[in-house]
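Chain A is the first sequence line, chain B the second, and so forth, proteins listed ahead of strands; every chain is numbered from 1. In this text the structure is predicted, and so the values were computed from the model without any measurement.
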Number of protein chains: 2
Amino acid sequence: MTVIDSPPVEVPVCLELDRQRVRRPEGRERFTISEVVEYTGLSAHTLRWYERIGLMPHVDRSHTGQRRYTCRDLDWLDLVGRLRLTGMPVADMVRYAELVRQGEETFAERERLLSAHRDDVRRRIAELRSTLDVLDYKIDIYADARRASERA
Amino acid sequence: MTVIDSPPVEVPVCLELDRQRVRRPEGRERFTISEVVEYTGLSAHTLRWYERIGLMPHVDRSHTGQRRYTCRDLDWLDLVGRLRLTGMPVADMVRYAELVRQGEETFAERERLLSAHRDDVRRRIAELRSTLDVLDYKIDIYADARRASERA
DNA sequence: CACTTGCCTGGAGTGCACTCCAACTCTTTA
DNA sequence: TAAAGAGTTGGAGTGCACTCCAGGCAAGTG
């Protein structure tokens with residue numbers, strides 16, 4: 001509940017699905033886990049779990065051993081959040097995180113990985129679209145029936 | 001493996017994701033579970049499980065107790081497959097199946113249920129689109145780096 | 001008649017992505 | 001100084017959607 005209100009500098013936002021957009025406290029550089037919970041909409045459990053499975057770059061610690069997230073961490077979590085929303089398996093995200101850790105010589109493979117995912121997303125959009133047609137058709141039938149019974 | 005080849009009457013198809021489209025054996029009216037497996041791409045386990053949880057209208061049986069699916073069942077499985085592809089939870093599909101069983105007085109609620117799902121699908125399409133932008137951006141960066149190193 | 005194939009059942013197991021628990025430490029507030 | 005609150009850990013538990021297993025029955029083939 002310790003929400004830090006920074007002056008309205010810039011307004012980078014978190015894009016958690018339907019949640020109202022949460023302003024990132026800009027100007028600060030180290031965030032507690034609860035601040036990151038606030039910002040990302042993920043639970044603290046999940047944040048720690050992401051770290052355990054290697055989905056996070058090394059998260060800094062305070063002198064007492066508590067996590068202190070940086071802006072770069074928030075950027076990374078934004079990307080992870082998007083990949084997650086588009087259904088990329090956690091294992092693939094971990095793979096991508098590994099590639100990032102390995103440095104620039106993995107650019108080509110990162111490109112391949114993201115391209116494959118992009119194809120997947122495109123395919124899924126097409127799939128959703130075609131289902132939308134079926135839904136429209138069904139809903140129209142029910143709506144027609146309703147209107148008919150209302151007229152009766 | 002007992003695939004029934006019907007003469008090419010009409011060509012209604014099954015829309016299982018990337019699988020090649022399977023022609024429905026038209027002209028026949030009762031299908032074994034393995035034929036339905038072939039047609040839907042679902043496993044026999046899953047088909048039996050759908051029945052257990054109430055996601056299927058009553059499936060007919062042969063005199064020896066084996067399932068005999070009808071064309072109506074295949075139509076239903078087409079719809080279920082689409083709802084599934086668009087991420088409708090099985091519990092919601094079961095709810096819809098119940099409404100269908102209850103008859104015409106549930107038209108209004110069926111309309112509501114499908115409309116809600118349609119909204120969901122639309123929202124997800126928008127979400128996927130916006131992620132596509134991020135992916136394009138990232139992939140461009142990697143591609144540029146690759147081209148730069150190829151020139152070097 | 002043996003064998004293979006296809007299908008049946010209830011119930012247990014799997015994989016994924018979290019989600020929670022118990023027991024603890026550290027910091028802040030009354 | 002006592003109590004509340006935020007954070008720590010490893011490991012166990014949860015919910016979803018299958019997925020598989022053991023053991024058995026029925027029909028067709030050599």
Side-chain angles (χ1 to χ4, degrees), chain A residues 1-4 16-17 19 25 28 30-56 58-70 73 77 80-97 117 120, chain B residues 1-4 16-17 19 25 30-56 58-69 73 77 80-97 117 120:
Chain A
M1 286 292 142
T2 325
V3 183
I4 279 81
E16 230 343 89
L17 28 173
R19 222 174 291 268
R28 300 185 62 252
R30 287 158 71 82
F31 308 97
T32 66
I33 199 164
S34 58
E35 286 163 346
V36 179
V37 164
E38 190 78 7
Y39 174 69
T40 60
L42 296 169
S43 73
H45 295 302
T46 301
L47 287 169
R48 288 192 275 257
W49 178 67
Y50 276 3
E51 214 177 313
R52 270 219 295 277
I53 63 175
L55 188 46
M56 289 296 297
H58 264 60
V59 174
D60 211 21
R61 299 295 178 116
S62 73
H63 67 108
T64 57
Q66 299 192 347
R67 288 171 181 80
R68 292 294 177 262
Y69 293 84
T70 64
D73 293 331
L77 284 168
V80 164
R82 280 181 172 286
L83 296 178
R84 188 178 64 109
L85 280 180
T86 50
M88 183 184 277
V90 168
D92 290 4
M93 294 196 274
V94 170
R95 172 85 188 118
Y96 182 70
H117 185 57
D120 201 67
Chain B
M1 288 293 142
T2 326
V3 183
I4 280 82
E16 230 344 89
L17 29 173
R19 221 173 290 269
R30 288 158 69 81
F31 309 96
T32 67
I33 198 165
S34 58
E35 285 164 346
V36 179
V37 164
E38 190 78 8
Y39 174 68
T40 60
L42 297 169
S43 73
H45 295 302
T46 300
L47 287 168
R48 289 192 274 257
W49 178 67
Y50 276 2
E51 215 176 313
R52 271 220 294 277
I53 64 174
L55 187 47
M56 288 297 296
H58 264 60
V59 174
D60 211 22
R61 298 296 178 115
S62 73
H63 68 105
T64 57
Q66 299 191 348
R67 287 170 181 80
R68 291 295 177 262
Y69 293 84
D73 293 331
L77 284 169
V80 164
R82 280 180 171 288
L83 296 178
R84 188 177 64 109
L85 280 180
T86 50
M88 182 184 278
V90 168
D92 290 4
M93 294 196 274
V94 169
R95 172 85 188 118
Y96 182 71
H117 185 57
D120 201 67

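- Taking atom CG of B:Leu85 as the reference point, atom C1' of D:dC18 lies 15 Å away to the nearest angstrom.
- At whole-Å resolution of the value, CD1 in B:Ile33 and C1' in C:dC8 are 9 Å apart.
- Applying the side chain to side chain contact (heavy atoms under 4.5 Å, CB included) criterion to A:Arg61, with sequence neighbours excluded, gives A:Glu51, A:Arg67.
- Here A:Arg68 does not reach the OP1 or OP2 of D:dA6: none of its side-chain N or O atoms lies under 4.0 Å away.
- Separating the CD atom of B:Glu51 from the P atom of D:dT19 is a distance of 18 Å, rounded to the nearest angstrom.
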Under-3.5 Å N/O pairs linking protein and nucleotides 15-17 of chain C:
from: C:dA17; atom 1: OP1; to: A:Val90; atom 2: N; distance (Å): 3.3
from: C:dA17; atom 1: OP2; to: A:Val90; atom 2: N; distance (Å): 3.4

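- In this structure B:Asp60 satisfies the side chain to side chain donor-acceptor pair (under 3.5 Å) test together with B:Arg30, sequence neighbours excluded.
- B:Tyr96 is linked by a side chain to side chain donor-acceptor pair (under 3.5 Å) to A:Tyr142, counting only residues two or more places apart in sequence or in another chain.
- Contact check for B:Leu42 versus B:Leu77: side-chain heavy atoms found under the 4.5 Å cut-off.
- When rounded to the nearest whole Å, the span between CG of B:Leu42 and C1' of D:dC18 equals 11 Å.
- Checking B:Arg48 against B:Arg52, the closest nucleotide of DNA chain C that is more toward the 5' end is the one next to B:Arg48.
- Side-chain atoms of B:Leu47 and B:Val36, non-hydrogen and from C-beta on, do get closer than 4.5 Å to each other.
- Under the side chain to side chain contact (heavy atoms under 4.5 Å, CB included) criterion, A:Val94 pairs with A:Ile53, A:Leu55, A:Val90, A:Glu98, not counting sequence neighbours.
- For A:Tyr69 and D:dA6, the OH to P distance is 16 Å, given to the nearest whole Å.
- For A:Thr32, taking side-chain heavy atoms from C-beta onward, the closest of the listed nucleotides C:dC20, D:dT8, D:dG7 is D:dG7.
- Atoms CG (A:Leu47) and P (D:dT8) sit 10 Å apart, rounded to a whole Å.
- Listed pair B:Arg67 / C:dC8 meets the phosphate criterion, a side-chain N or O lying under 4.0 Å from OP1 or OP2.
- Between A:Gln66 atom CD and C:dT25 atom C1' the separation is 9 Å, expressed in whole Å.
- Listed by first and then second residue, the salt bridge (charged side-chain N to carboxylate O under 4.0 Å, His left out) pairs that reach into residues 41-50 of chain A come to none, sequence neighbours excluded.
- Which of D:dT19, C:dC26, D:dT8 sits closest to the side chain of A:Thr64 comes down to C:dC26.
- In this structure, A:His45 atom NE2 and C:dT19 atom P are separated by 9 Å, rounded to whole Å.
- Regarding contacts with the backbone of C:dT27, a side-chain N or O of A:His63 is found under 4.0 angstrom from either OP1 or OP2.
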